[in-house]
Amino acid sequence: MGYADQLFDVTDQVVLITGGSRGLGREMAFGLARCGADVVIASRSMDNCVAVAKEIEAETGRTALPYQVHVGRWDQLDGLVEAAYDAFGKIDTLINNAGMSPLYGKLSEVTEKLYDSVFNLNLKGPFRLSALVGERMVAAGRGSIINVSSAGSLRPSPDIIPYASAKAGLNAMTEGFARAFGPTVRVNTLMAGPFLTDVSKAWNLAERETDMFGHLSLKRAGHPSEIVGAALFLASDASSFTTGSIVRADGGIP
């Protein structure tokens with residue numbers, strides 16, 4: 001094994017990824033499995049979880065456990081954690097990736113239900129999962145928690161204010177958990193910019209790409225595979241002195 005392989009090695013690690021059946025979560029699940037990790041694919045659609053788990057096992061030879069869960073509902077999260085530990089005996093990395101940002105019209109039309117749903121999924125669920133898994137990681141003497149945030153948490157536009165606020169809370173939560181679980185468990189934010197996932201199909205890029213991304217240093221949106229390097233860095237011992245930090249994969253927001 002070469003130096004870089006040793007530095008970024010995640011062989012036989014177990015990674016739990018929420019929102020792991022699509023978008024960036026799916027890409028990180030495949031990427032980490034390709035690097036030797038077993039993965040827990042958690043999302044609200046069991047069919048999607050099973051399909052992705054089968055693809056990962058067929059391609060990589062690693063074990064992939066599908067699990068249906070609504071991350072915004074605390075009463076479902078203990079079962080997810082127990083299932084992962086029952087299957088593998090450990091979780092080395094937790095990736096809090098599940099999220100949503102529903103469309104709305106005027107700000108006064110944002111309902112309490114929509115607002116609460118956004119905060120439950122993007123902030124409350126990750127808090128609970130980090131608490132449940134992080135304490136077990138501390139007992140085991142090692143672990144990494146990766147909170148997937150958004151560039152919108154730093155530069156919120158009017159159409160994502162509840163989502164941006166929840167992600168800003170996630171950024172703050174990262175720092176608090178890093179202090180709570182140190183020195184043996186690292187907790188970091190992976191801040192994503194615009195990526196060409198399923199959501200981007202509604203962006204009409206052929207006509208609007210320059211207008212939408214011209215302000216970024218790279219002048220484009222990211223391809224989903226471009227999130228994997230940052231995730232692998234934070235999951236592996238390559239980031240052994242990195243905690244409470246924000247790692248930006250956002251194309252260079254101004």
Side-chain angles (χ1 to χ4, degrees), residues 1-43 48-69 71 77 80-98 126 129-130 132-134 136-148 181 184-190 192 195 197 223-243 245 247 249:
M1 184 180 289
Y3 177 72
D5 294 321
Q6 291 180 336
L7 193 62
F8 291 91
D9 186 31
V10 292
T11 302
D12 295 329
Q13 289 194 19
V14 176
V15 182
L16 191 164
I17 307 175
T18 66
S21 66
R22 58 185 293 188
L24 296 183
R26 181 182 188 276
E27 202 69 30
M28 288 185 283
F30 267 93
L32 289 163
R34 289 176 182 129
C35 292
D38 296 321
V39 293
V40 181
I41 308 297
S43 83
N48 289 347
C49 289
V50 169
V52 171
K54 287 181 178 179
E55 289 181 50
I56 288 174
E57 291 187 338
E59 178 187 316
T60 69
R62 303 305 305 188
T63 301
L65 173 69
Y67 192 92
Q68 183 177 17
V69 66
V71 173
L77 300 181
L80 167 61
V81 174
E82 291 299 329
Y85 278 91
D86 285 346
F88 298 106
K90 64 174 183 172
I91 296 174
D92 296 288
T93 297
L94 166 65
I95 303 181
N96 286 310
N97 171 71
L129 269 179
S130 295
L132 291 173
V133 175
R136 294 202 189 198
M137 288 177 169
V138 170
R142 69 178 310 277
S144 172
I145 297 174
I146 304 170
N147 294 317
V148 179
F181 293 153
T184 53
V185 176
R186 296 175 291 106
V187 187
N188 292 286
T189 293
L190 174 49
F195 277 84
T197 61
H223 298 284
S225 61
E226 292 180 295
I227 199 71
V228 175
L232 180 60
F233 167 69
L234 293 174
S236 69
D237 287 340
S239 59
S240 58
F241 197 58
T242 303
T243 194
S245 299
V247 175

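Since we're looking at a predicted model, the values are computed, not measured. When a residue number appears, it is its place in the shown sequence, counting from 1.
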A.B. asks: Would you name the heavy atoms of Ala235 and Gln13 that are closest together and state the gap between them?
C.D. replies: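 Ala235 and Gln13 have their closest heavy atoms at O-OE1, 3.7 Å.
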A.B. asks: With a 4.5 Å cut-off on side-chain heavy atoms, are Glu57 and Thr63 touching?
C.D. replies: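 With C-beta onward as the side chain, the pair touches.
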A.B. asks: Applying side-chain contact (heavy atoms from CB on, under 4.5 Å), name anything that partners Val133, two or more places apart in sequence or on another chain.
C.D. replies: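 side-chain contact (heavy atoms from CB on, under 4.5 Å) list for Val133, sorted by chain: Val81, Tyr85, Ile91, Leu94, Met137.
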A.B. asks: Between Met28 and Val15, does the side chain to side chain contact (heavy atoms under 4.5 Å, CB included) criterion hold? Intermediate values first, please.
C.D. replies: CA-CA 10 Å; Met28 288 185 283; Val15 182; over 6 Å; no
A.B. asks: Do Leu80 and Leu129 touch side chain to side chain, with heavy atoms closer than 4.5 Å?
C.D. replies: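 SC-SC contact between Leu80 and Leu129 confirmed.
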A.B. asks: Side chain of Thr243, backbone of Val187: donor and acceptor closer than 3.5 Å?
C.D. replies: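 Side chain of Thr243 to backbone of Val187: a pair is present.
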A.B. asks: Of all the heavy-atom pairs spanning Pro66 and Val50, show the shortest one and how long it is.
C.D. replies: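 Where Pro66 meets Val50 most closely, the heavy atoms are CB-N, 3.8 Å.
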A.B. asks: Is Arg26 reaching over with its side chain to a backbone N or O of Val52, donor-acceptor style, under 3.5 angstrom?
C.D. replies: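 Judged by distance alone, no pair lies under 3.5 Å.
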A.B. asks: Which residues pass the ring-ring contact (aromatic ring centres under 6.0 Å, His included) test with Phe181, not counting sequence neighbours?
C.D. replies: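 Result, ring-ring contact (aromatic ring centres under 6.0 Å, His included) vs Phe181: Phe177.
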A.B. asks: If we only count heavy atoms from C-beta on, is the Ile56 to Val39 side-chain gap below 4.5 Å?
C.D. replies: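 The answer is yes, as the side chains (C-beta and beyond) meet within the 4.5 Å cut-off.
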A.B. asks: Whether the side chain of Ser245 engages the backbone of Asn188 through a donor-acceptor N/O pair (distance < 3.5 Å, no angle test) should be reported.
C.D. replies: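 Answer holds: no.
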A.B. asks: What are the two closest non-hydrogen atoms of Ser144 and Leu234, and how far apart are they?
C.D. replies: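 Closest pair (atom of Ser144, atom of Leu234, distance): OG-O, 2.8 Å.
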A.B. asks: Would Glu82 and Arg136 pass as an ion pair if we require N to O under 4.0 Å?
C.D. replies: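 Result for this pair is yes, salt bridge flagged.
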A.B. asks: Could you check whether any side-chain heavy atom of Ile95 comes within less than 4.5 Å of a side-chain heavy atom of Leu190, counting everything from C-beta outward?
C.D. replies: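 Sidechains of Leu190 and Ile95: no contact.
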A.B. asks: Please lay out, stage by stage, how Arg22 and Ser43 fare under the test side-chain hydrogen bond (donor to acceptor under 3.5 Å, both in side chains).
C.D. replies: CA-CA 9 Å; Arg22 58 185 293 188; Ser43 83; over 6 Å; no
A.B. asks: What's the separation between atom CG in Leu16 and atom CG in Asn96, rounded to the nearest 0.5 Å?
C.D. replies: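 Separation between the atoms: 8.5 Å.
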A.B. asks: For Asp237, is there an ion pair with Arg142 - N to carboxylate O distance below 4.0 angstrom?
C.D. replies: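 Looking at Asp237 together with Arg142, the answer is yes, because their closest N to O distance falls below 4.0 Å.
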A.B. asks: In Å, rounded to the nearest 0.5 Å, how long is the span from CG of Asp92 to OG of Ser236?
C.D. replies: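 Here the rounded value is 11.5 Å.
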A.B. asks: Just jot down the side-chain contact (heavy atoms from CB on, under 4.5 Å) partners of Ala83, sequence neighbours excluded, or say none.
C.D. replies: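 Tyr67.
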A.B. asks: So how far is it from Glu27 CD to Leu32 CG, rounded to the nearest 0.5 Å?
C.D. replies: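 Rounded to the nearest 0.5 Å, the CD-CG separation comes out at 10.5 Å.
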A.B. asks: Would you mind reporting whether Asp12 and Arg62 have side-chain heavy atoms less than 4.5 Å apart?
C.D. replies: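 SC-SC contact between Arg62 and Asp12 confirmed.
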A.B. asks: To check you understand the geometry: which heavy-atom pair defines the closest contact between Ala98 and Val71, and what is its length?
C.D. replies: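 Closest approach of Ala98 to Val71, heavy atoms only: CB-CG2, 4.1 Å.
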A.B. asks: Which heavy atom of Thr242 sits nearest to which heavy atom of Arg186, and what is that distance?
C.D. replies: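 Where Thr242 meets Arg186 most closely, the heavy atoms are O-CD, 3.5 Å.
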A.B. asks: Would you say Asn97's side chain and Gly19's backbone share a donor-acceptor pair under 3.5 angstrom?
C.D. replies: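 Yes; judged by distance alone, with no hydrogens or angles, the pair exists.
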A.B. asks: Rounded to the nearest 0.5 Å, what's the gap from CD on Glu55 to OG1 on Thr60? Could you check?
C.D. replies: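 Result: 11.0 Å between the selected atoms.
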A.B. asks: Could you give the distance from CZ (Phe30) to SG (Cys35), rounded to the nearest 0.5 Å?
C.D. replies: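 Answer for the CZ-SG pair, Phe30 versus Cys35, is 13.5 Å.
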A.B. asks: Where is the tightest heavy-atom contact between Leu24 and Pro224, given as atom of each residue plus distance?
C.D. replies: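 Reported closest heavy-atom pair: CD2-CA, 4.0 Å.
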